[in-house]
*Asks:* 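Next up is a structure, given as structure tokens.
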Amino acid sequence: MDRAYKVYSIENGTVIDHIPTPLALKVIRILGLENEGIMTIGIGFRSDKQPGGKDIVKVENRELSHDETNKIALIAPDATINIIKNGRVAEKRQIKLPEEVREIMSCPNPNCATNVLGASTHFLLEKGDRIIYRCRYCERATEVNADLLTSR
Amino acid sequence: MASFRGRSIVSIRDMSLEDLDMIVRTTEAVKGGKYSGFLRGKTVATLFFEPSTRTRLSFESAVCKGGGSVFGIADPAASSQSKGETFADSIRTVSGYCDVMVIRHPVEGAARMASELCSIPVINAGDGANQHPTQTFLDLFTIKEQLGRLSGLRVGMMGDLKYGRTVHSLTHALSMFGNELTFISPPTLKMPDHILAELQGTGLSFRTVDNLEDAAGAGLDILYVTRIQKERFGDPQEYGKVAGTYRIDRDTVRMLGEDIRIMHPLPRVDEIDEQVDATPNAIYFVQAHNGIPTRQALLGLVTGGIE
Ligand SMILES: [Zn+2]
């Protein structure tokens, strides 16, 4: 069955595929796209690579920047990005973890200035093999998880 | 050469080896009487949103000795914060009254936030469990002064290594210079794994032991003692047992080696026997006094009074 790909195709925009189910809505929130025009969302498709299923998000008439698509790597490092122009794939894009993350991630330390004094969150990617971000305020190192990522 | 003029001093993580070297050398020169009046015409605010009399007086003394003037709040209940003004507004307002701001706050990251809210230099005098960089600078200066160098040393750290921000920051700094560390603590208060992980791949080699006897053969140059707080233990008996084990007296000094220097960030309770005070091994009072020239040096550097 190739029903997985019967999500409306788009003429122009950005297709984000291979998002692990059920993170499609989270991806939209991380990108701040909730009120940014037409989107098609597919949830729970079967995927050989993703045993838990995959989600797809198609953003119409908007070519996401590299800074934007790299944010997706925070929760969906295996997501793939296609930029569509005139019904054709104009660019297949790799994503990589952003060096810094502002606002969309919250700090798990309850005594952090971002949680108590109203500082906007700001994390820097640590060097090393594991995916760890360090809060610029309380300086705690933190592993990213979807619960820490919110809307702006 | 590193320039400090206008720069905020928030965290040891912002410091390069060159920066630390510069601070230690400037402290040396200040203590040697090379500079005077370098804070003349400068006003320093000491904003202590949590009380710490010792640290505040040390900063205020440093300002006076440099010829500057100082004002501030010592008690959070007296500040406009208690009337509901936001932290951000307090900082923006006070930054217009002074040339440098010294901040102590119970919230982690408060000093970083303050440094971003205003254009004058902010010096972190402690932000919760996070950082207290001037303590680390004075520790480094004391080591340099007393042992003549900051690298190739064998340093033992003893006590509460889990929660002690002082030992965390000093460990970070000593790792930059290349030293050998021995961590001595009860298993429940050992150095956190995330700090040990950070030490891998630095110039520092380390080992972990859980009693002083095991550290005895290490030929330590320095033993840095910190307090084990009662509150860390649910069971008072357990605390009594642990506190008794991590205690320094003349016998333990002899066991560790006659040349060992004992440091402590003070105040102490009973983790170092008073018998040790009069021995040449005890350098913790010199260390405490070194807080003044260290803070003088820092204030001089960030105001541009010392170039
Ligand atoms: Zn934080």
Side-chain angles (χ1 to χ4, degrees), chain A residues 29-30 32 65 67-68 70-71 73-77 96-152, chain B residues 8-15 47 49-50 76 79 81 84-92 103-118 122 124 126-133 136 162-163 165 168-169 171-173 191-202:
Chain A
R29 277 215 294 281
I30 288 170
S65 70
D67 282 348
E68 286 174 311
N70 283 344
K71 287 181 192 171
L74 291 169
I75 51 166
K96 63 179 177 66
L97 286 165
E99 288 299 318
E100 54 180 356
V101 178
R102 290 175 189 267
E103 292 172 6
I104 56 168
M105 187 154 98
S106 59
C107 182
N109 172 9
N111 196 39
C112 175
T114 61
N115 291 316
V116 183
L117 301 174
S120 314
T121 68
H122 186 179
F123 292 86
L124 300 172
L125 181 62
E126 286 280 287
K127 292 185 187 74
D129 309 332
R130 289 162 67 213
I131 302 172
I132 289 173
Y133 282 85
R134 190 175 295 280
C135 175
R136 189 166 149 75
Y137 294 92
C138 70
E139 306 189 14
R140 301 265 179 103
T142 237
E143 280 181 60
V144 178
N145 69 65
D147 290 339
L148 293 175
L149 290 156
T150 52
S151 62
R152 273 168 270 210
Chain B
S8 288
I9 308 295
V10 173
S11 166
I12 201 78
R13 288 181 185 282
D14 303 335
M15 297 284 149
L47 305 182
F49 296 96
E50 113 189 314
S79 77
Q81 294 254 297
E85 184 179 43
T86 66
F87 175 73
D89 280 0
S90 299
I91 297 303
R92 287 190 194 102
I103 293 182
R104 188 179 182 101
H105 201 290
V107 171
E108 287 135 35
R112 174 80 66 198
M113 184 180 173
S115 73
E116 291 169 348
L117 288 166
C118 63
V122 170
N124 187 1
D127 60 331
N130 184 30
Q131 290 276 328
H132 187 12
T136 309
K162 184 173 182 184
Y163 299 99
R165 68 176 173 196
H168 297 168
S169 294
T171 297
H172 183 95
M191 196 58 98
D193 287 340
H194 67 91
I195 294 188
L196 297 181
E198 266 192 274
L199 292 177
Q200 312 279 4
T202 66

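Letters A, B, ... mirror the listed sequences (proteins, then strands); counts begin at 1. These numbers were taken from a predicted model, which means no experiment stands behind them. Computation of the quantities below employed the complete heavy-atom set of this structure, encompassing side-chain atoms and omitting hydrogens, waters and symmetry-equivalent molecules.
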*Asks:* If every non-hydrogen atom of B/Asp127 is compared with every non-hydrogen atom of A/Tyr137, which pair is closest and at what distance?
*Replies:*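 Minimum heavy-atom separation between B/Asp127 and A/Tyr137: OD2-O, 4.3 Å.
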
*Asks:* Test your reading of the model: is there a side-chain donor-acceptor pair from B/Asn130 to the backbone of A/Cys112, 3.5 Å cut-off?
*Replies:*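 Such a contact is absent between B/Asn130 side chain and A/Cys112 backbone.
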
*Asks:* Is it the side chain or the backbone of A/Asn109 that comes within 4.5 Å of chain B heavy atoms, both, or neither?
*Replies:* side chain

*Asks:* Would you indicate whether the side-chain heavy atoms of A/His122 and B/Arg112 approach each other to under 4.5 Å?
*Replies:*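 Not touching, per the 4.5 Å side-chain cut-off.
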
*Asks:* Which bit of A/Ala119 comes within less than 4.5 Å of chain B, counting heavy atoms only: side chain, backbone, both or neither?
*Replies:*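 The answer is both parts of A/Ala119.
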
*Asks:* Can you name the nearest heavy-atom pair linking A/Gly118 to B/Met113, along with the distance?
*Replies:*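 The pair with the smallest heavy-atom distance is C-CE, 4.1 Å.
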
*Asks:* Provide the closest heavy-atom pair for B/Ala110 versus A/Ala113 in the form atom of the first, atom of the second, distance.
*Replies:*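 For B/Ala110 and A/Ala113, the tightest heavy-atom pair comes out as N-CB, 4.0 Å.
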
*Asks:* Under 4.5 Å from any heavy atom of chain B, what part of A/Arg136 do you find: side chain, backbone, both or neither?
*Replies:*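 Both parts, backbone and side chain.
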
*Asks:* Do B/His194 and A/Ile132 come within less than 4.5 Å of each other through their side chains, counting heavy atoms only?
*Replies:* no

*Asks:* How many angstroms lie between atom CD of B/Gln131 and atom CD of A/Glu139, to the nearest 0.5 angstrom?
*Replies:*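 That separation rounds to 4.5 Å.
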
